[in-house]
Each structure stands twice: as C-alpha cells, then as structure tokens.
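Atom set for the values below is all heavy atoms of this structure, side chains included, hydrogens, waters and symmetry mates excluded.
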Amino acid sequence: MRFDILALAALASASTLTPPVLPLIVRNPYLSTWLGNARKAPWENWPIFYTGANMGFSVMAAVPAQGNVYPLLGRPHDSLGSSAHYNVSFPEYLGATFDASTTNLTYLIHSSKDDSVRLTLSFLSPLTPSSTLRQSIPAAYLTIHVEGRFDVDVYADINGEWASGNRGNVIRWELHEPKTSSSEKKSSSTIIKTWKVERSNQQLLTEFRDRAEWGTIHFSGPSDVRHQAGTSAILRQYFAGTGSLKNEVDKQFRDIMRDEPVFAFAKSFKLGGKRGKSEDSVVFTIALVQDPVVQFASARGLTMMKPLWASYFPTADELIAYHYNDFQTAAALARNYSDTLAKDAFQSGSSDYQDIAALSARQVLGATQFSGTPENPIIFLKEISSNGNFQTVDVIFPAFPFFLYTNPKWLAYLLEPLLEHQGSGQYPNKYSMHDLGTHFPNATGHGDGRDEYMPVEECGNMLIMGLALANALKYDTHPAFTMTPAGPDTVAISTTQKWKGVVDSYGFDAPSVTTTPEAAKDWLSKYYKLWDQWTGYLVRESLIPANQLCTDDFAGWLANQTNLALKGIVGIRAMSEIADIVGKDDEAKAYRKTADEYISKWQEYGISRDGTHAKLAYTWYGSWTTLYNLYADSLLCFHIPSDSKVVTKTKSLFNWLGGGAGQKPITDEGRKDDGGVFVPDKIYQIQSDWYHAVLQRYGLPLDSRHLYTKSDWEFFAAAISSKKTRTEILTHIATWVNETSTDRPLTDLYDTEGTGHFPGPNFFARPVVGGHFAFLALERACGGKAVEALEFLNEREPASIDVEQALKNDAAGLPRFLEFPGSEATRNIDL
C-alpha cells in the first residue's frame, strides 16, 4: 500500500500562531495526548495527557554512519546515558505546524558532509464530517517521513500510561500478528502487527485522575518493522547502538513503572547510495478500544452503550486493520475539511482566525464518544477539566457553532440523549436539566432533580439550539466539506449492507434525506412537550431572573442578570418559531406576543441609564457585561428586517448533496417600528462600541467584576460587532495565544492582563472552544442574510466612550452623550 506522505506532510504548513500546547493524538476524553511546552523543542519534555500528566511516548532517530542517536519526541535520552557504542545528539528543530486535523513536527539531521536528512513526525487525528463512521473510530495516525541522501533508522515506543492513570497498576500485553492467507498477501492491503496493552484487572466505566481504567491500547505498524517489548532503558539503548530491535517480547507482566515496560517499533530507511534525495515513510496507529463506552439512563433504562464502530466491525482486530489501511481516504477527508475551514476562516477573519479555528477543532471532538447505531447515532460529551459532568447543556451550547458549521446532524446526535432521557420522565423538574450525570462516563441522570441549578440558562440553551438545528434541517444547511469519492485505496466494508441508505459501502454518510422542512417538523414534534414545558418556565422566570447561576458559574450566583434574561427571552421567541414549524399557530402567536413584550421591558431594565451599554444586572448601576447571548438573536434570523429578501447562497461544494436553498429569514408581522427585527439595532450598536472601549491586552473581559474572560463568549460577541471591533478582539485573542503562560491545552478562561494565565479555576481542553466557530456559523445562517443584516454596524467608526465616566454617570443617574468621529454634533442614544 502506497502512502502519499508528501501531500500529508504539506497539509499543515501555513500556521502562524504559537500556542503553548498542541494536539498530537486526540480522539476522545481518554485518547488525548498533547505536545506540552510546544514553544520549546519536543525532546525537552514528555508529551502530556490533557491534565498535564506525562505520557510515555518517545520517538528517536539514529544515523548508523555517524553513530549518533537523536531524540525527537519525549525524553528517551534520559534512558541512554553515555556509551562507547553511540553518541546522543540533538537535531535542528524547524518547528511545528498544524491545521484542523494534523500537527507536524519537522527536524533536520546534518551529516559531516554538509548534507542533511529532513524528518517529519505527522500526527493525524482526522476530522471527517462526511463519514460519521470514521469520526467514531477511536484511533489516530503517526507518520514518520524522511527525505535525504543518507541512511537513517527510526524508533517509537509507548508505555503503560496509555492504559491507566495509576502508575501502580499492573498491566499485561501481547503482540498480535494475524495469520494471513496467500490471497491476503497478494492484496493491496498492508499486513500489520499490533501491540495490545491493558490493565490486568479492568475497572469498567471508572477513571483515575481522568484516565480510563478500562479498555485496550492498540499500537500498530506494518508487519516488516522490527518490534520489541521490555524495559525502557534496555530497548532504547539497544536501538541507539544498533538502529534496530530484537523482535522479542518480555512476558513478565508488572506495574507500569516497575522496570518500565515499553512497546516499541523500529524501521530502517535506506536512503544512501541513490542519486538525488530519496524519501520514504512509515505509518503507525494508536487506538483505544473500549466496549462499552458509557452507561446511559435511556428511555429503556440504564444501558451499557456500545461504540458506534461496533455496528460495522465484529472485532477490534478488524477495526484496527480497517483503520490502518484507510489512511489514504481518512487523510484526504481530513485535508478536505481542513482546507475548507482554512479558506472560510481566512475570509471570515484573518490568518490568525484560521489558526484559532484549526487549533480548536480537534479539541471539541476530543471531548466526545460516538455511540448508538448507524440508524440512530448518539454523541456523548464530557465536560473536560471543569468538573467532568456528562452531557452538560451549557457546555454543549458554547460548542454548538462548531457543529452547525461542521455537520449540523452531529448536533442532533448530541442533543438526543438529553431529550430522550427527559422525555421519558426520568427528570422531575419543569425546567431543563443541567447534565445527564455528575461524572462521565456514567449518565445515570438526576432522579432527585438536584443537578446544578441553572434553570433559565439551560431552558434557553435547549430552545435556541433546538431551533438552530431545525433551521439547519429545514433549510438544508449542509456540512462544511466536499464529498470525496472513493479512491483506489478506499476500503469497502461488507457490513454496510445492513445500513443501506445510511452509509454507502465505503463508510461515507449517505446523501441525506433528512434535511427538509418535514424533517425539521418531525424532529421538533417528537419532543414538543419538552420545548413547550421549558418555555412555560421561561415565561414565568426569565424576564426578571431570580438569584441563580448562569453558565459562568465560577462568577457566582446573581439575581436579575441582564445577559441571562436575554437568553431566556430569545428562548421564548425561538419557541414561537418552533410552534409555527410544528403547526401550533395559536401557541406560536402567544409566545411571540410574550417575547415582544419582554424584550421591550428588558431594554428598560437592562440598559444603563445613559444608554451606553448593558448592565451586568438590572439593579447593578455602574456595571457592564459582555452581552454574548445577543448572538442567538442574529443566528436564529430574528434580526433580519421583515421586508428583507433572501437570496439562495448554496455553495458549489455542497452540490453533491443536490444543492438546496439557503436558510431563509423568519418573518412575521412583528414590531414595525424596527422593521420586524426582535432586538433593535441600537442594542447591537452600543454593545459593539462598548467592546471597542473596554478591550484589554489579551481580549474582552467578561464583565465589570473581573479582568478575566471566556474566549467562547468573546467570539460570540465579536461575531455581532462591527468589523473594526471584531478585528480588534480577534487580534487581541491571537496575541494571547502567542504569549499566554498557561501550560495546558487551549483554555477558555484566562486573564486579559498580566501573563494571560489561569485566573482560577483552571479550565483547559474543554469543548466549549467550539464557540470560536461563531463567525462561521453565523455566516451560514439565514442564507447569508444574518451577517448582511449587521452591515449597519460598519457605517461609522466606533463611538469614543470615556468608560470610567460612563459608569459613574450610570451609578449617579446622569445622562451621557456619545461623540461620533467625523461628526461636529453630539447626540444621545435614545432608549
């Protein structure tokens, strides 16, 4: 099997930001390995799990003609010491590049003759929106590509830390070398060998320091590479001296760190003696196979949920072989998505935004587990690092722009377990639940109704996401990818015949018949009772919210929150459209009337006395807040004037699905004085101006209480601001990415001054960075009209605001006049 490694190695060549941590092998909450201290050379530290704990994962190269061995990843040289048989040297590190699916680390090894070999370690965790099956596979690729004129040997090993978070646990292992028939030997498929490593005593559905204590690690390579299992120092020293391994397996099972057993492969590349530069490569895969993946209190009761891939592959060995030989197709699909995202993000923002979106993508899906069946897939999600909750509604909500952009059907798979559980009557409260379980992977529910208390927050979130998804179904908002046809290396899957109409024989999602107005109606009707129940709660409780938490629970309880009230009111407005889609005309009109009344009162209660900004709380004069929940008003097409005409904007890259109309604005008789829009233009304008005025070194603070911020909400706010303010916010965030002193996978909570560090609590690796896709999701909404309706924000420069004086005026009850650049007059914003 031939791998087009050059194309892969070039895949991530344009990144410009330098984040503190980069993804290496990131597929789900338990297969999550990162390059820590990514601004330094990769051999200075061990790779890390997302918590910061070290992972035993090392790569070395040896040049037999020199007698030199070169650490490339991790600290294998700690095991080498001095020897008469080799010298430990360090290569020239050319740096890291990345895109949405790939991280490349590139090195040069120089010879004494002014020649060099270029090595690239390419880590591919493919994002494949056109193939839910492939996205569900808990495995990733490491490709080692070499190019030069002299021979070089490479070595890679992993240890038992991949199988357990407790170093005192005993592990067992084996080398699996499948017997092959003569016909298989003649096929184009690559025959592989696999290290299988697991705890000797599995503890099903348990964690130790966020690491899974059940499941089997599979580390695979082609059958012609050398292998060996044994004590780390012995193997690494043997390779350093010989450039090879012994094809032996140490059978003494033991603790993870007692005479540390490692599981290694080595490959020799014969590049010397050929004209010009030669190139070659080897591909390895790392997988974590778990069955079941979670337990879930479904409508039929507590259920052990199998992985989605198990519907296609009867055994783990078949899965691993398929995944290995699917490399070309998986890489092509990943390149497809990465290229589309890079183009869209660059056009939407800048090269900085292109990098931020790319950096965020794997992190979002790294919190997910795919389960269910091909006909009824389910995506489970862990609230990583903050508390480990299962399927947290207000974690899905900030992440949902990623899913709207990437594949809206995946959002449906995320919401389904929440809807099924509550629809079956297992949750006693009248408002939406906060999460499905206190700690992942156990979705045992909250039969006592004592989950974290965020009633207005979660009801609003569910209604907003429900309508956003219905709009995507109704108006055929296709995923962000181009259909890649099966190529000569694409592997057919015999079991797909069972799921005809859902996937094709090559594992691609079948062209959808569910993106129609009827599909939207059917989906909403299934759980209409819940939508209606939650809206009833919002009618009673959202205009003047009682003392409670919002999603920013680290900030504490607060009554009369302006931003929270807006979310609830937009949720009621969303329900009016949900009722209309389902055919409940009277309820649609009643909810619309209530929403219109509430939004008028909200402006009176929530906007500062001087009309310059939204207050943090109705009665907290002299305060301000980032009004990120205003984003939903625009996303749901409520801010499009009723006389606006929608032009279909279906991109050619979606033509394979049969085209389809762009999403249309929702219009009705509404409030004529504002052209039928829900939240008036002036609210958008004053907030955009305010953000420009209060920006700090590393971004837009969350509110007036602290200088910390949430990056997801920064992007929500920036998406509905003027282009100038949006660009400023984005530039400040990019500066933070380059300079932050945080040392974990991308955090969403950080200080906007100082070193941009964690303010406490320390959040990292959370899927909420899907909110960084807010620009992209908004641009796809309403056939492009959502963004067009905000063009008025660009008609003038941001107002000049004396923030300190404005807050004093609000506290004192004095009017405030705003000065606008280019105007001799001043005017008061009339609220």
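Smallest separation of non-hydrogen atoms from Gly366 and Ile384: O-CD1, 3.9 Å. Residues Gly770 and Pro401 share a closest heavy-atom pair of O-CB, 3.7 Å. Leu746 and Ser360 get closest at one heavy-atom pair: CD2-OG, 4.1 Å. For the pair Pro767 and Ala399, the tightest heavy-atom approach, listed with the atom from each and the gap, is O-CB, 3.3 Å. Considering every non-hydrogen atom in both Pro680 and Val677, the closest pair reads CA-CG2, 4.3 Å. Shown here for Ala510 and Gly501, the closest heavy-atom pair between the two residues is CB-O, 3.4 Å.
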Would you mind writing out the side-chain donor-acceptor pairs for residues 535-545 within the sub-3.5 Å range, not counting sequence neighbours?
unit_1, atom_1, unit_2, atom_2, d
Thr535, OG1, Trp531, O, 2.7
Arg540, NH1, Gly536, O, 3.2
Ser542, OG, Leu538, O, 2.7

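Here Leu418 contributes atom CG and Gln422 contributes atom CD; the two are 6.0 Å apart, rounded to the nearest 0.5 Å. The structure places CD of Glu416 at 10.5 Å from CD of Gln391, a figure rounded to the nearest 0.5 Å. Here CG of Asn471 is found 4.5 Å from CG of Leu467. Values are rounded to the nearest 0.5 Å. For the atom pair OG1 (Thr132) and CD1 (Ile379), the distance works out to 7.0 Å, reported to the nearest 0.5 Å. In this structure, OG1 on Thr709 lies 9.0 Å from CG on Asp703, to the nearest 0.5 angstrom. A distance of 10.0 Å separates CD1 of Ile581 from CE of Met575, quoted to the nearest 0.5 Å.
The backbone N or O of Leu776 lies less than 3.5 Å from no partner atom in the side chain of Ser348, so there is not a single donor-acceptor pair. Using a distance-only test at 3.5 Å, with no hydrogens or angles considered, a donor-acceptor pair links the side chain of Asn407 to the main chain of Pro129. No donor-acceptor pair closer than 3.5 Å links the side chain of Ser371 to the backbone N or O of Leu308. A donor-acceptor pair is defined here as one N or O able to donate and one able to accept, closer than 3.5 Å; such a pair exists between the side chain of Asn563 and the backbone of Asn629. No side-chain donor-acceptor contact under 3.5 Å links Trp534 to the backbone of Gly460. Side chain of Ser424 to main chain of His421: a donor-acceptor pair is present (N/O by atom type, distance under 3.5 Å, no hydrogens or angles). Judged by distance alone, with hydrogens and angles left aside, the side-chain atoms of Glu458 form no donor-acceptor pair with the main-chain N or O of Met433 at under 3.5 Å. A donor-acceptor pair under 3.5 Å is absent between the side-chain atoms of Gln369 and the main chain of Phe380, judged by distance alone.
Between Lys785 and Glu788, at least one side-chain N (NZ, or NE/NH1/NH2) sits under 4.0 Å from a carboxylate O, which counts as a salt bridge. Between Asp712 and Arg766, none of the side-chain N atoms (NZ, or NE/NH1/NH2) sits under 4.0 Å from a carboxylate O, so this pair counts as no salt bridge.
Using a 4.5 Å heavy-atom cutoff, the side chains of Trp620 and Lys615 are not in contact. Between Pro441 and Glu207 the shortest side-chain heavy-atom distance falls below 4.5 Å. Between Val395 and Leu381, the closest side-chain pair of non-hydrogen atoms falls below 4.5 Å. Contact check for Trp523 versus Leu415: side-chain heavy atoms found under the 4.5 Å cut-off. The shortest distance between side-chain heavy atoms of Ile683 and Leu627 falls below 4.5 Å. Under the 4.5 Å side-chain criterion, counting only non-hydrogen atoms from C-beta, Glu577 is in contact with Asp580. Contact annotation: the side chain of Leu436 approaches that of Pro417 to within less than 4.5 Å [non-hydrogen atoms, C-beta and beyond]. In this structure, Arg609 and Tyr621 have side chains that are in contact, with non-hydrogen atoms separated by less than 4.5 Å.
Residues Ser298 and Thr303 bring a donor and an acceptor atom of their side chains to less than 3.5 Å of each other. Inspection of the His613 and Asp689 side chains reveals no N or O donor paired with an N or O acceptor under 3.5 Å. For the 3.5 Å distance criterion, the side chains of Glu375 and Thr373 fail to qualify, holding no donor opposite an acceptor. Checked by atom type, the side-chain pair Tyr591/Asp532 shows a donor-acceptor distance below 3.5 Å. For the 3.5 Å distance criterion, the side chains of Gln687 and Tyr628 fail to qualify, holding no donor opposite an acceptor. One side chain, Asn461 or Glu457, offers a donor N or O that lies under 3.5 Å from an acceptor on the other. A donor-acceptor pair shorter than 3.5 Å cannot be found between the side chains of Ser608 and Asp810. For the residue pair Thr612/Asp610, the side-chain donor-acceptor check at 3.5 Å is satisfied.
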Inset, instruction - Please lay out, stage by stage, how Leu404 and Leu411 fare under the test side-chain contact (heavy atoms from CB on, under 4.5 Å). - result: CA-CA 7 Å; Leu404 285 180; Leu411 178 59; 3.9 Å; yes
Inset, instruction - Kindly indicate, with the supporting measurements, whether the criterion side chain to side chain donor-acceptor pair (under 3.5 Å) is fulfilled by His439 and Asn387. - result: CA-CA 7 Å; His439 203 91; Asn387 63 11; over 6 Å; no
Legend entry - Step-by-step side-chain contact (heavy atoms from CB on, under 4.5 Å) determination, Leu564 to Leu558: CA-CA 10 Å; Leu564 179 62; Leu558 185 65; over 6 Å; no
Legend entry - side-chain contact (heavy atoms from CB on, under 4.5 Å) assessment of Asn762 paired with Thr747: CA-CA 8 Å; Asn762 294 7; Thr747 183; over 6 Å; no
Legend entry - Intermediate values then yes/no, side-chain contact (heavy atoms from CB on, under 4.5 Å), Trp410 and Leu365: CA-CA 11 Å; Trp410 288 357; Leu365 290 172; 4.1 Å; yes
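For residues 767-790, the ring pair (Phe, Tyr, Trp, His ring centres under 6.0 Å) pairs, not counting sequence neighbours, are Tyr353-Phe775, Phe402-Phe773, Tyr405-Phe773, Phe715-His772, Phe715-Phe775.
Using a 30° and 60° split on the angle between ring planes, Phe397 and Trp713 fall in the tilted class, from 30° to 60°. Note: Tyr684 and His639 have tilted aromatic rings, judged against thresholds of 30 and 60 degrees for the angle between ring planes. Aromatic ring pairs are classed by plane angle as parallel below 30°, tilted from 30° to 60° and perpendicular above 60°; the pair Phe716 and Tyr631 is tilted.
Checked against Lys382 for a side chain to side chain donor-acceptor pair (under 3.5 Å), the options Asn28, Asn389, Asp210 give a single hit: Asp210. With Tyr708 as the fixed residue, the ring-ring contact (aromatic ring centres under 6.0 Å, His included) test singles out one of Phe763, Phe554, Tyr750: Phe554.
Around CG of Asp586, the count of heavy atoms belonging to other residues, nucleotides or ligands within 6.0 Å does not exceed 12.
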